[in-house]
Amino acid sequence: MSDQDFLITVDGMKVRAKRGQTIISACDAAGVYIPRLCHHPDLKPAGHCRLCSCYIDGRRASACTMPAAPGMVVVSNNEELNNDRRVVLDMLFVEGNHFCPTCEKSGDCELQALAYRLGITAPSLTYQWPKREIDASHPDVFIDRNTCVLCSRCIRASRDVDGKSIFGFSGRGLGMRLNIDSETKLSDTSFAAIDKAAKVCPVGCIVIKRTGYRTPIGRRHFDKAPIGTDIEACEVGDPE
Amino acid sequence: MAKPRLATCSLAGCFGCHMSLLDIDERLVELLDLVDLDKSPLTDKKEFDRPVDIGLVEGGCANDHNVHTLRQFRKNCRILVSVGACAITGGVPAMRNMIGLKECLEEAYITGPTIEGKGMIPNDEDLPLLLDRVYPSHEVVKIDYFLPGCPPSGEAIWFFLKALLTGREPDLPYRMLKYD
Ligand code: SF4
Ligand code: SF4
Ligand code: SF4
Ligand code: FES
């Protein structure tokens, strides 16, 4: 533990953190999983989805944007917070069109995996069946907005990592949609399948063509162990 | 003591969930020791004539006949279970929900690329009336339990039924909870 490091408490466990580190990244390094959807370790935090919402020193805040501070007390894994997470997931399911049995992302999808982890067997809200556009124009990448959860990972990746700013949002609330370079087709942009933005989508919205259904059922990412297990398997150092 | 009674139906589904039930193989014998199979496509019994303990519903509601059957099940089954993606989300049949019924029928019967000559939308009075969209079962009647999957594995169905029949909460273990 360097001089700069300090301790916070998360669900009763001591977690070591560094100055400037967010709560979620300190927890990840310590093997404590906080559910998240818009957060991606390689991207700037956005605080969009509210799935990581925790009690931080008694107040609700998102663990992916909140910097850790010495002595902070964080509660993430309790029934109230997990129920709120279930409602957020429910909303994402009914506000989009999710047909898991036919989706290329099934088994590797973070939305689905979070619902599994939180034990959702059916949504508690009414399906909306919105009309969403598909963009199959690009030779290597397919966009199916039916499953977009508006997490902005692709926007941040394209802007901050690829230096292209191909994606954006348009509209607000229920009418909010993923936009491509203000209303063009994906094939008219400089987007490439090797871009970071092509690899970070948590759901089946941005998919690389000709790669679907390759991994047999039973061997996909979340078939055997819940999402977060890899983080929980991290070695937790003695926080002293 | 009389055995609990089990009923099943297939609404807007593909019968895959029923196939998966049969997939429990030799445990079918054990199941038939535990329950009396009542109204079901497997018994071909047409109407309810006594109360049933557990009803399994495959498929959502795509037409008025599905709604009628589902209501009959709700009326006659003490515990009603939505089995499979179609019953729980509408599933593959609900893919028409974002398109609209009229447009969908026109594409299928009049303007679609496989139509030869002048097509026509079937309109026989014996055909069940299609609903404006496909509804998950719980949007039509109260459902007590949900067993997701497309189909749920035989193993999951067996685990679920055994739990219900022995009075335990049917909480699926992680590897059996699947949406596909
Ligand atoms: S994106 Fe995920 S939740 Fe949505 S249909 Fe695909 S697998 Fe299911
Ligand atoms: S396309 Fe994928 S990465 Fe982009 S906002 Fe939608 S869900 Fe997020
Ligand atoms: S859930 Fe799948 S297997 Fe069951 S009826 Fe629907 S399509 Fe068939
Ligand atoms: S992961 Fe923190 S708000 Fe989305």
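We use all heavy atoms of the structure for the numbers below, so side chains are in, but hydrogens, waters and symmetry mates are not. Order of the sequence lines sets the chain letters (A, B, ...), proteins ahead of strands, with each chain counted from 1.
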Next item on the list: Might you work through the salt bridge (charged side-chain N to carboxylate O under 4.0 Å, His left out) test for Arg78(B) and Asp53(B), ending with a clear yes or no?
Entry: CA-CA 5 Å; Arg78(B) 194 165 56 82; Asp53(B) 296 279; 3.5 Å; yes
Checklist line | Step-by-step side-chain contact (heavy atoms from CB on, under 4.5 Å) determination, Val32(A) to Met13(A) | finding: CA-CA 9 Å; Val32(A) 177; Met13(A) 286 169 285; 4.1 Å; yes
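Top candidate by heavy-atom pairs under 4.5 Å with chain B, chosen from Gly218(A), Cys103(A), Gly107(A), Ala225(A), is Ala225(A). No other option in Ala94(B), Gly100(B), Pro136(B), Cys150(B) has as many heavy-atom pairs under 4.5 Å with chain A as Ala94(B).
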Check chain B against chain A and list any donor-acceptor pairs under 3.5 Å.
| unit_1 | atom_1 | unit_2 | atom_2 | d |
| --- | --- | --- | --- | --- |
| Met98(B) | O | Lys131(A) | NZ | 2.9 |
| Glu139(B) | OE2 | Tyr127(A) | N | 3.1 |
| Tyr174(B) | OH | Phe222(A) | O | 2.7 |
| Tyr174(B) | OH | Ala225(A) | O | 3.3 |
| Lys178(B) | NZ | Asp223(A) | O | 3.4 |
| Tyr179(B) | N | Tyr116(A) | OH | 2.7 |
| Tyr179(B) | OH | Ile120(A) | O | 2.6 |
| Asp180(B) | OD2 | Ser106(A) | OG | 2.6 |
| Asp180(B) | OD2 | Arg220(A) | NH1 | 2.7 |
| Asp180(B) | OD2 | Arg220(A) | NH2 | 3.1 |

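Put simply, SG on Cys17(B) and CG on Leu22(B) are 11.5 Å apart, with the number rounded to the nearest 0.5 Å. Atom CG of Leu56(B) is separated from atom CG of Leu80(B) by 8.5 Å, given to the nearest 0.5 angstrom.
For a residue to count as touching a neighbouring chain, one of its non-hydrogen atoms must lie under 4.5 Å from one of that chain's; by this rule Phe222(A) touches chain B with backbone and side chain alike. When heavy atoms are compared at a cutoff of 4.5 Å, Ala115(A) approaches chain B by way of both its backbone and its side chain.
Residues of residues 115-123 of chain B lying within less than 4.5 angstrom of chain A, judged on heavy atoms, are absent. At a heavy-atom cut-off of under 4.5 Å, chain A is reached by no residue from residues 26-40 of chain B.
For Asp49(B), the side chain to side chain contact (heavy atoms under 4.5 Å, CB included) partners at least two apart in sequence or on another chain are Lys45(B).
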